[in-house]
Amino acid sequence: MALKSTIYKAELNVADMDRHFYSDFQLTLACHPSETTERMMLRLLAFSRHASEQLEFGRGISTEDEPDLWQKDLTGDIELWVELGTPDPDRLRKACGRARRVVLYCYGERSVPIWWDKHRSRLERFDNLEILQIDQAGSDELAALAQPSMRLQCTLEGADAWFSSGDQAVQITIVHLKR
């Protein structure tokens, strides 16, 4: 019998100081059996950084033709495609052809530098691709905030994100590998 996704509920308050965007979201996140809690919480970070009423989670890690998050315009064209991890460059090439803007959030302290050194020359040619790396310590601390039912406050300013839940607070630093 196939394992089912674990469902998480999040009440998320986003305060993006750079965009002057402030809003509350009631989110349901499905954590696929092959997905780590860290990756699921990083999807929540990515959602916070691009938060809008039109932003949606993709169908999940096992769906090849959809991103982790995306935003479409009223005609169905993809405005924003958000990926997590260290995907194959061909997947990013296809995403760049389908979306106006593609953002990749890389994580994994040891694997990202190796992946970036290997694929940098192929990826630098895409003008609509932005690649960011999330610091490992912040990623680990964010994963520790995961609960089946969460109330989170996210404040964004510059390259930093601060998440708080009750008396716990986490700072995540994001570094641009490619703008």
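Scope of the values below: all heavy atoms of this structure, side chains included, with no hydrogens, waters or symmetry mates. Source: prediction; values computed, not measured.
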Leu55 backbone acceptor or donor facing Ser52 side chain under 3.5 Å: yes

Strictly distance-based, threshold 3.5 Å: is any side-chain N or O of Asn128 a donor or acceptor partner for the main-chain N or O of Cys96? yes

Any Leu152 side-chain heavy atom under 4.5 Å of Cys154 side chain: no

Inspect the contact between Asp88 and Lys94 and indicate whether a charged nitrogen and a carboxylate oxygen are less than 4.0 angstrom apart. no

Between the CH2 atom in Trp115 and the OG1 atom in Thr86, the distance rounded to the nearest 0.5 Å is 7.0 Å

Side-chain donor/acceptor of Arg93 to backbone N/O of Phe126, under 3.5 Å: no

Please name the pair of heavy atoms, one in Gly85 and one in Leu104, separated by the smallest distance, quoted to 0.1 Å. O-CD1, 3.5 Å

Donor-acceptor under 3.5 Å (Arg125 side chain, Arg122 main chain): yes

Measuring from Trp81:CH2 to Arg101:CZ, what's the distance to the nearest 0.5 Å? 15.0 Å

Measure the acute angle between the ring planes of Phe47 and Phe25, then classify it against the limits of 30° and 60° as parallel, tilted or perpendicular. perpendicular

Check for a donor-acceptor pair, side chain of Glu66 on one end and backbone N or O of Gly58 on the other, with a separation under 3.5 Å. no

Side-chain heavy atoms under 4.5 angstrom apart, residues restricted to Ile, Leu, Val, Met, Phe, Trp, Tyr: same cluster for Leu27 and Phe21? yes

Is any side-chain heavy atom of Ser48 less than 4.5 Å from a side-chain heavy atom of Leu12? yes

Go through it in stages, so that I can follow the logic: the residues are Trp162 and Ser164, the test is side-chain contact (heavy atoms from CB on, under 4.5 Å), and I'd like the CA-CA distance, side-chain angles, deciding distance and then a yes or no. CA-CA 7 Å; Trp162 293 269; Ser164 60; over 6 Å; no

Co-membership, hydrophobic cluster, residues Ile131 and Ile78, 4.5 Å side-chain: yes

How about Leu42 and Leu44: do any of their side-chain heavy atoms sit closer than 4.5 Å? no

Take Tyr105 and Arg43 through the test side-chain hydrogen bond (donor to acceptor under 3.5 Å, both in side chains) and record every step on the way to the result. CA-CA 9 Å; Tyr105 290 88; Arg43 286 193 291 131; over 6 Å; no

Are the charged groups of Arg91 and Glu83 less than 4.0 angstrom apart, N to O? yes

Please report the closest heavy-atom contact between Ala161 and Leu45, naming both atoms and the distance. CB-CD1, 3.7 Å

Taking CG in Asp127 as the centre, count heavy atoms belonging to other residues, nucleotides or ligands within less than 6.0 Å. Is the count above 12? no

Give the C-alpha distance, both sets of side-chain angles, the deciding distance and a yes or no for side-chain contact (heavy atoms from CB on, under 4.5 Å) between Asp160 and Gln171. CA-CA 7 Å; Asp160 293 319; Gln171 180 178 356; 3.5 Å; yes

Assess whether side-chain contact (heavy atoms from CB on, under 4.5 Å) is satisfied between Thr37 and Tyr8, documenting all intermediate values. CA-CA 10 Å; Thr37 306; Tyr8 290 82; 4.3 Å; yes

Nearest non-hydrogen partners of Ile172 and Gly138, listed with the distance: CG1-O, 3.7 Å

Is it true that Arg39 and Asp68 have a side-chain N and a carboxylate O under 4.0 angstrom from each other? yes

For Ser149 and Lys9, does a side-chain donor sit closer than 3.5 Å to a side-chain acceptor? no

Tell me whether Glu130 is salt-bridged to Arg179, with the criterion being a basic N under 4.0 Å from an acidic carboxylate O. no

If two hydrophobic side chains count as joined below 4.5 Å and joins carry through other members, does Val170 share a cluster with Leu132? yes

Carboxylate-amine/guanidinium proximity below 4.0 Å for Asp73 and Arg100: yes

Are Leu69 and Met40 linked, directly or through other ILVMFWY residues, by side chains that come within less than 4.5 angstrom of each other? yes

Heavy atoms, side chains only, cut-off 4.5 Å: are Val82 and Pro67 in contact? no

Hey, is Glu56 close enough to Lys72 for a salt bridge, meaning N to O under 4.0 Å? no

Between the CG atom in Asp77 and the CD atom in Gln71, the distance rounded to the nearest 0.5 Å is 12.5 Å

Out of curiosity, does Leu80 fall in the hydrophobic cluster containing Leu156 (side-chain heavy atoms, cut-off under 4.5 Å, transitive links)? yes

Any side-chain heavy atom of Phe57 sitting closer than 4.5 Å to one from Leu29? yes

Do Leu92 and Leu123 have side chains that get closer than 4.5 Å, going by heavy atoms? yes

Among Glu109, Gln133, Glu38, whose side-chain hydrogen bond (donor to acceptor under 3.5 Å, both in side chains) with Ser139 holds? Glu38

Gly158 and Arg49 have their tightest heavy-atom pair at O-NH1, 4.1 Å

Could you state the interatomic distance from OG (Ser165) to CD (Glu11), rounded to the nearest 0.5 Å? 10.5 Å

Heavy-atom side-chain contact between Lys178 and Trp116 under 4.5 Å: yes

Is it the case that more than 12 heavy atoms not belonging to Arg151 sit under 6.0 Å from its CZ atom? no

Would you say that Asp18 contacts Glu157 through its side chain, given a criterion of any heavy-atom pair below 4.5 Å between the two side chains? yes

Scanning both residues in full, the closest heavy-atom pair of Arg120 with Glu124 reads NE-OE2, 2.8 Å

Check Asp135 against Thr173 and note the closest heavy-atom contact, atom names and distance. OD1-N, 2.7 Å

